[in-house]
A.B. asks: 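One structure is given below, represented as structure tokens, and several questions about it will come after.
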Amino acid sequence: MDFSEIPEFLIKKIDSGKPYIAVRESPSRLLLELCKHRPKPIIGKIAGTLQELAIQLIQSDFYNPGIMTEQERLFIVRNAVRKAGIPLWKSPSYIEIIDNRIRELKEHNISTEMLKSCSKKVKSNLSKKLEKTAEILNSYNYGIKTYNKYDIFSLFEEARNKKPPYTEIILFFLPQILPLEIDFLNSLNIPITVLTFKDNNSVFTKLSRENLKLVKKWKIVEVKPCETALNFSFNPEKETEEIEFIETSYITESEGIKFIASFIKKLLADGISPEKIAVAGRSLEGKEILFYEAFREMKIPLFSQYKGIPVNLHPAVKKFLSEIEETEEKQLLDWCKALKKSVENEKAEEELIKELEILNREIEALTESNIIEKNKLSGTEFLELLKILTKNRTFLITEEEPFGVFIGTPENIPSSLATHIIFFDFSSGSYPRSFPFDPDFSYQEREEINRVLNLDNPILEALPGREKLIMYEFQTFYNVLATKPNQIIFTYHKDKGSSTFLSILKTYTKVKKENQRFNTENSGRILSVYKNKTQPKNPIEWGIISWKEKIKGAKEMNFIFNSKLISRYLPENLSVTDVISYFDCPTEFFFTKIIKHKRSSTVEAIEGQIYHEFIRRYFNEKKEPEILFEEIFEEIAKDADIPYIEYHKPFIKDNILKFVSVWEPATEEFEQEKPLKITIDKLTLSGRADWIEKNNEKINIIDFKRSNVNTADYDPGKVKSFQIILYGLSLIDDDIIKAIKRKKHKNVDFAFISIPKAHRKNKTKSWIKSFSGENITREIMTTVTWILTGYSLIEKGFFPPLKINPYKPNSRHLCNLSLKDSRTCPYPNTLSDEMKEKFKETIKKIFKIHYEHLWKTG
């Protein structure tokens with residue numbers, strides 16, 4: 001049987017009886033496909049997860065069972081760790097690690113008695129760890145019993161031996177069937193059918209073989225995988241072009257998600273229906289808001305496995321959290337009540353308020369059961385606990401509908417029946433990156449425990465070893481591949497590298513690469529010189545060689561050159577924007593401004609260009625906005641080197657038309673795109689102000705942005721505010737330093753305006769961020785000093801592939817900064833922490849010299 005024949009196979013099962021089709025997550029897509037093939041509508045519950053089946057069987061006893069949320073179970077784990085006397089019981093990340101361990105033990109039917117027995121047969125150190133684990137597991141089991149709610153494991157225990165209202169249970173391509181689930185299913189005493197792909201006798205399908213050893217009484221239906229999947233191995237037999245593979249990389253998650261959205265838009269325009277498209281990835285929780293926003297802007301219907309937006313990402317919640325004082329103290333329940341009240345005051349969505357009400361009831365019940373301690377927590381402690389409070393807690397996306405593009409884990413791709421699959425950062429880089437980390441048990445210790453327990457089948461491992469985890473990931477990918485999609489697109493983070501799966505597939509398939517970063521002839525030669533494949537011929541190339549010799553131990557590309565060499569190549573007229581871009585990635589600055597490599601455009605850059613050109617002409621030409629937009633889009637898009645820009649057009653147009661309908665100049669006396677000359681001491685930089693308004697002696701300067709400005713990133717004193725501050729100062733006096741010392745900056749008001757965030761419903765104008773020069777003297781002084789410092793670093797030839805991130809000044813520190821990997825830099829950093837600290841101190845010294853010179857302090 002081929003995968004395409006599965007719907008017909010299931011329809012026949014439905015017509016002849018009443019089967020229950022078990023999937024790992026939502027069965028909606030599968031049911032939709034069955035409805036297309038069946039003349040009569042499908043009525044009733046015939047598909048779902050095994051947990052949902054267990055709940056059905058419990059409900060048959062005429063009462064509504066209480067099922068724990070993720071938060072309740074995690075707090076019971078936390079309480080068990082606290083009772084065991086482990087100091088890390090306050091660490092949410094450690095609690096999640098222990099929760100993963102308890103899951104493994106419970107899923108594999110490992111009891112406290114088995115752990116204690118095993119502890120007597122291993123070495124002393126490991127024995128103590130097992131005894132402590134047994135103690136935690138015992139305490140956890142006791143907490144579950146006293147709380148009077150079912151966790152995900154006791155559900156199966158309670159539902160055993162119940163009589164289900166079904167004639168058969170069909171397991172739909174589950175990569176792994178857990179021992180706890182096997183015992184539960186066997187106890188139901190009805191026929192069970194397993195749908196699985198045919199084994200290709202490789203490590204990639206070994207897990208499936210081990211699974212089937214445990215279910216000999218079940219009926220196995222093998223489905224023929226596609227040729228590409230059968231050939232998927234470390235030693236492929238032949239080349240195949242059965243599936244189209246495309247790979248592309250991205251620098252930031254936001255960029256990657258926007259690329260995915262534009263690629264999907266192209267598929268939709270080509271006539272592919274949205275329910276045939278799926279996005280698969282690990283750890284997508286928390287990224288739902290990014291997908292949701294990108295899809296909503298591009299009018300792409302969405303169907304998410306995660307069923308909502310994370311509570312902690314809502315602006316009203318973020319506002320409350322940002323206002324918490326570190327020293328403020330409350331009990332946990334009082335913190336949660338304050339959060340709900342604050343969200344209500346912000347008039348947030350009803351779904352969010354309901355979710356916080358449920359959270360409050362849970363915290364109250366946990367406190368009354370003595371699972372949560374009643375002592376007061378500081379603001380810092382509460383913010384730490386938020387990781388537990390909001391884990392997997394979402395409020396519903398009301399726009400979601402099952403015919404949308406599916407977003408979820410790779411395990412659920414077969415049941416989505418997608419023909420076009422996009423992998424988002426799935427097992428990129430070193431392998432296996434996505435597996436849970438357990439600091440208390442090494443892989444070697446896990447294998448020792450499994451050996452002592454005499455668990456010869458990897459499926460039965462109490463604490464899964466490395467081999468089992470790798471097998472699981474490969475089986476999951478094999479199942480996706482075996483469905484024979486028309487197309488698979490791999491997207492991965494440039495810093496982490498592409499996935500192991502893609503590397504193997506490249507050996508026997510043709511993979512189309514879509515990557516336009518640093519693709520000029522010159523950049524290729526520079527890299528070739530760095531790798532010792534080409535002899536250096538000019539001073540810049542010799543500079544790379546000498547730098548490699550200069551810093552011992554650095555294995556990747558970092559640039560530090562002689563200042564005399566740099567002065568020969570540095571452009572005469574640098575802008576303020578150039579210097580600010582240097583802070584984001586000095587290496588990037590080196591390539592674009594000194595080597596003069598042309599970078600490919602991005603969607604974001606073109607979008608911003610369209611916004612600025614529209615505003616410039618709209619308030620001068622007085623044309624109808626729709627007509628003007630069409631003209632400008634055609635002019636700019638025809639020269640763009642970005643694919644699929646046409647598919648971004650609708651939401652760019654929507655954003656700009658909404659913006660001009662709600663914003664208008666405060667005065668008729670305004671200037672646009674005004675060229676500026678910014679003089680700091682002996683340094684002169686160029687600039688161009690977006691919008692300037694004058695009212696008597698007051699100047700209001702506005703910078704239009706394509707991103708959300710209502711964040712801390714745009715606070716005065718942060719890098720993103722440097723440009724607008726310098727522009728404002730240059731408007732009041734040619735000599736910026738003199739203007740500041742004479743307090744003339746008090747006459748300037750600054751504003752950032754987000755074009756995409758402007759709309760009629762937003763009465764609070766959160767799309768505008770403004771501040772007055774009168775209140776930011778300290779920030780203005782450090783801004784000017786940082787620009788001078790940045791230029792000095794450029795002149796000295798300081799070009800490491802690091803982000804230089806100046807912090808906002810405070811009462812104790814005028815100069816504080818971090819050096820960290822830059823997302824926009826294509827060359828990874830391998831500098832030691834010691835070297836980074838030396839660099840930080842050097843930058844601070846240069847800043848201090850400039851600060852004392854400019855402001856005559858000390």
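If you're wondering where the values come from, they're calculated on a predicted model, not measured in any experiment. Along the sequence shown, residues carry numbers from 1.
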A.B. asks: Apply side chain to side chain contact (heavy atoms under 4.5 Å, CB included) to residues Thr196 and Asn211 and explain how you reach the verdict.
C.D. replies: CA-CA 10 Å; Thr196 183; Asn211 259 312; over 6 Å; no
A.B. asks: Measure the spacing between CD1 of Ile110 and CG of Leu105 and express it to the nearest 0.5 Å.
C.D. replies: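 Answer for the CD1-CG pair, Ile110 versus Leu105, is 7.0 Å.
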A.B. asks: So that I can tick it off, tell me whether Asp2 and Lys484 are bridged by a salt bridge, with the cut-off set at under 4.0 angstrom between side-chain N and carboxylate O.
C.D. replies: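 Salt bridge absent between Lys484 and Asp2.
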A.B. asks: What's the spacing between Asp151 CG and Ile67 CD1 if we round to 0.5 Å?
C.D. replies: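 If we round to the nearest 0.5 Å, Asp151:CG and Ile67:CD1 are 9.0 Å apart.
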A.B. asks: Among Arg282, Gln305, Glu25, find the residue that satisfies the side-chain hydrogen bond (donor to acceptor under 3.5 Å, both in side chains) test when tested with Thr409.
C.D. replies: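 Single side-chain hydrogen bond (donor to acceptor under 3.5 Å, both in side chains) partner of Thr409 among Arg282, Gln305, Glu25: Gln305.
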A.B. asks: Between Thr394 (side chain) and Ile309 (backbone), is there a donor-acceptor pair under 3.5 Å?
C.D. replies: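 Here the side-chain-to-backbone pair does not exist.
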A.B. asks: Using a 6.0 Å cut-off, check whether atom NZ of Lys198 has over 12 heavy atoms from anything other than its own residue.
C.D. replies: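 Open: at most 12 neighbouring heavy atoms sit under 6.0 Å from NZ of Lys198.
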A.B. asks: Tell me the closest heavy-atom pair linking Ile170 and Pro19, and the distance in Å.
C.D. replies: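 Taking every non-hydrogen atom into account, CD1-CB, 4.0 Å.
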A.B. asks: Which heavy atom of Met298 sits nearest a heavy atom of Ala261, and at what distance?
C.D. replies: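 Heavy atoms only, the tightest pair is SD-CB, 3.5 Å.
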A.B. asks: Just checking Tyr478 against Phe204, ring centres under 6.0 Å apart?
C.D. replies: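 Ring-ring flag for Tyr478/Phe204: false, centres at least 6.0 Å apart.
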A.B. asks: Does any donor atom in the side chain of Glu96 or Asn100 lie under 3.5 Å from an acceptor atom in the other side chain?
C.D. replies: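 No pair is found: no donor N or O on one side chain lies under 3.5 Å from an acceptor on the other.
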A.B. asks: Measuring from Lys13:NZ to Ile46:CD1, what's the distance to the nearest 0.5 Å?
C.D. replies: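 Those atoms lie 13.0 Å apart.
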A.B. asks: Residues in side-chain hydrogen bond (donor to acceptor under 3.5 Å, both in side chains) with Tyr508, at least two apart?
C.D. replies: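 side-chain hydrogen bond (donor to acceptor under 3.5 Å, both in side chains) list for Tyr508, sorted by chain: empty.
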A.B. asks: Is the number of heavy atoms from other residues, nucleotides or ligands under 6.0 Å of Lys510 NZ greater than 12?
C.D. replies: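 Check fails, neighbour count at 12 or below.
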A.B. asks: Any chance you could measure Ser499, atom OG, to Tyr492, atom OH, to the nearest 0.5 Å?
C.D. replies: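 So the gap between those two atoms works out to 9.0 Å.
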A.B. asks: Side chain of Glu461, backbone of Lys468: donor and acceptor closer than 3.5 Å?
C.D. replies: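 Such a contact is absent between Glu461 side chain and Lys468 backbone.
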A.B. asks: Nearest 0.5 Å, please: how far is CG in Asn189 from CG in Asn161?
C.D. replies: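 Interatomic distance, Asn161 CG to Asn189 CG, rounded to 0.5 Å: 9.0 Å.
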A.B. asks: Tell me, yes or no, whether the heavy-atom count around Glu241 atom CD, taken from other residues, nucleotides or ligands under 6.0 Å, exceeds 12.
C.D. replies: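 Counting neighbours around CD of Glu241, 12 or fewer heavy atoms of other residues, nucleotides or ligands fall under 6.0 Å, so no.
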A.B. asks: Let me see the working for Ile277 and Phe406 under side chain to side chain contact (heavy atoms under 4.5 Å, CB included), right down to the final yes or no.
C.D. replies: CA-CA 6 Å; Ile277 305 170; Phe406 176 78; over 6 Å; no
A.B. asks: Does Glu447 have any side chain to side chain contact (heavy atoms under 4.5 Å, CB included) partners at least two apart in sequence or in another chain, and if so, which?
C.D. replies: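 Here no residue qualifies.
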A.B. asks: Closer than 4.0 angstrom, basic N to acidic O: yes or no for Glu168 and Lys18?
C.D. replies: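 No, no charged N to carboxylate O under 4.0 Å.
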A.B. asks: Would a line drawn from the ring center of Phe424 to the ring center of Phe291 be shorter than 6.0 Å?
C.D. replies: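 They qualify: ring centres under 6.0 Å apart.
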A.B. asks: Step through it carefully: locate the ring centre of Phe423, locate the ring centre of Phe501, and say whether they are under 6.0 Å apart.
C.D. replies: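 No: the rings miss the under 6.0 Å criterion.
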A.B. asks: Does the separation of the ring centres of Phe173 and Phe197 fall below 6.0 angstrom?
C.D. replies: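 Yes, the ring of Phe173 comes within the 6.0 Å limit of the ring of Phe197, centre to centre.
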A.B. asks: Output, in order, the C-alpha distance, side-chain angles, deciding distance and verdict of side chain to side chain contact (heavy atoms under 4.5 Å, CB included) for Leu207 and Ile459.
C.D. replies: CA-CA 8 Å; Leu207 187 73; Ile459 303 296; 3.5 Å; yes
A.B. asks: Let's go through Glu104 and Arg101 carefully: what are the C-alpha distance in whole Å and the side-chain angles of both, what is the deciding distance for salt bridge (Lys or Arg N to Asp or Glu O under 4.0 Å) to 0.1 Å, and is it a yes or a no?
C.D. replies: CA-CA 5 Å; Glu104 291 172 342; Arg101 194 187 303 159; over 6 Å; no
A.B. asks: Please check this pair: side chain of Glu72 against backbone of Thr69, looking for a donor-acceptor N/O pair closer than 3.5 Å.
C.D. replies: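 Yes, Glu72 side chain to Thr69 backbone: donor-acceptor pair under 3.5 Å.
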A.B. asks: So with a 6.0 Å cut-off around NZ of Lys299, is the heavy-atom count from everything else above 12?
C.D. replies: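 Yes, enclosed.
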A.B. asks: Hey, does the side chain of Ser154 reach the backbone of Glu157 with a donor-acceptor pair shorter than 3.5 angstrom?
C.D. replies: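 Between the backbone of Glu157 and the side chain of Ser154 there is no qualifying donor-acceptor contact (under 3.5 Å).
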A.B. asks: Side chain of Arg451, backbone of Arg446: donor and acceptor closer than 3.5 Å?
C.D. replies: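 Checked: no pair found.
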A.B. asks: Verify side-chain hydrogen bond (donor to acceptor under 3.5 Å, both in side chains) between Gln56 and Tyr166, making sure each step is shown before the conclusion.
C.D. replies: CA-CA 11 Å; Gln56 278 188 53; Tyr166 302 106; 2.7 Å; yes
A.B. asks: Distance-only, no hydrogens or angles: does the Glu33 side chain make a donor-acceptor pair with backbone N or O of His37 under 3.5 Å?
C.D. replies: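 Flag not set: sc Glu33 to bb His37 has no pair under 3.5 Å.
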A.B. asks: Compare every heavy atom of Leu284 with every heavy atom of Gly408, then report the nearest pair and how far apart it is.
C.D. replies: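 Shortest heavy-atom separation between Gly408 and Leu284 comes out as O-CD1, 3.7 Å.
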A.B. asks: Taking atom types as modelled, is there a side-chain donor on Gln475 or Ser208 under 3.5 Å from an acceptor on the other?
C.D. replies: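 No pair is found: no donor N or O on one side chain lies under 3.5 Å from an acceptor on the other.
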A.B. asks: In terms of heavy-atom contacts, does NZ of Lys149 have more than 12 from other residues, nucleotides or ligands at under 6.0 Å?
C.D. replies: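 For Lys149, atom NZ is crowded (more than 12 foreign heavy atoms under 6.0 Å).
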A.B. asks: Has Asp99 got a side-chain atom pairing as donor or acceptor with Leu74's backbone, closer than 3.5 angstrom?
C.D. replies: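 Side chain of Asp99 to backbone of Leu74: no pair is present.
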A.B. asks: Spell out, as yes or no, whether a donor-acceptor pair under 3.5 Å connects the side chain of Thr509 to the backbone of Leu505.
C.D. replies: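 It does hold such a pair.
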A.B. asks: Taking everything shown except Lys217 itself, do over 12 heavy atoms lie less than 6.0 Å from its NZ?
C.D. replies: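 Check fails, neighbour count at 12 or below.
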A.B. asks: In terms of side-chain heavy atoms, does Thr248 have a donor or acceptor partner in Thr491 at a distance below 3.5 Å?
C.D. replies: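 There is no such pair between these side chains.
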A.B. asks: Would you sort out whether His420 and Ile422 count as a side chain to side chain contact (heavy atoms under 4.5 Å, CB included), showing the intermediate values?
C.D. replies: CA-CA 7 Å; His420 294 73; Ile422 303 172; over 6 Å; no
A.B. asks: I'd like to know whether Glu8 forms a salt bridge (Lys or Arg N to Asp or Glu O under 4.0 Å) with Arg38, so could you lay out the CA-CA distance, the side-chain angles of the two residues, the decisive distance to 0.1 Å, and finally the verdict.
C.D. replies: CA-CA 8 Å; Glu8 199 61 46; Arg38 194 169 191 257; over 6 Å; no
A.B. asks: So which heavy atom on Leu57 is nearest to which on Ala159, and how close?
C.D. replies: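 In terms of heavy atoms, the two residues are closest at CD1-O, 4.0 Å.
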A.B. asks: Taking NZ, NE, NH1 and NH2 as the nitrogens, is one of them in Glu355 or Arg393 under 4.0 Å from a carboxylate oxygen of the other?
C.D. replies: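 A salt bridge is present here (some side-chain N lies under 4.0 Å from a carboxylate O).
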A.B. asks: Indicate the atoms forming the closest heavy-atom contact of Ile413 with Ser416, along with that distance.
C.D. replies: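 Closest approach of Ile413 to Ser416, heavy atoms only: O-OG, 2.7 Å.
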A.B. asks: Which value, rounded to the nearest 0.5 Å, describes the distance between Gln487 atom CD and Thr419 atom OG1?
C.D. replies: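 Rounded to the nearest 0.5 Å, the CD-OG1 separation comes out at 9.0 Å.
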A.B. asks: Would you find more than 12 non-hydrogen atoms of other residues, nucleotides or ligands less than 6.0 Å from Lys12 atom NZ?
C.D. replies: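 12 or below, so no.
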A.B. asks: Would Thr205 and Asp199 count as having a side-chain donor-acceptor pair, cut-off 3.5 Å?
C.D. replies: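 Asp199 and Thr205 do have a side-chain donor-acceptor pair below 3.5 Å.
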A.B. asks: For the side chain of Glu70 and the backbone of Lys391, is there at least one donor-acceptor N/O pair under 3.5 Å apart?
C.D. replies: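 Absent.
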A.B. asks: In terms of side-chain geometry, is the basic nitrogen of Glu467 or Lys206 positioned less than 4.0 Å from the acidic oxygen of its partner?
C.D. replies: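 Salt bridge present between Glu467 and Lys206.
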A.B. asks: What is the ring orientation for Phe156 with Phe184, classed by angle as parallel under 30°, tilted 30 to 60°, or perpendicular over 60°?
C.D. replies: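 Phe156 and Phe184: tilted rings.
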A.B. asks: Among Ile246, Leu481, Val511, which residue meets the side-chain contact (heavy atoms from CB on, under 4.5 Å) test with Ile488?
C.D. replies: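 Going through the options one by one, the only one that passes is Leu481.
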A.B. asks: Identify the residue among Lys106, Arg24, Arg160 that makes a salt bridge (Lys or Arg N to Asp or Glu O under 4.0 Å) with Glu181.
C.D. replies: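 The salt bridge (Lys or Arg N to Asp or Glu O under 4.0 Å) with Glu181 is passed solely by Arg24 among Lys106, Arg24, Arg160.
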A.B. asks: Does CG in Asp654 sit with more than 12 non-hydrogen atoms of other residues, nucleotides or ligands closer than 6.0 Å?
C.D. replies: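 Above 12, so yes.
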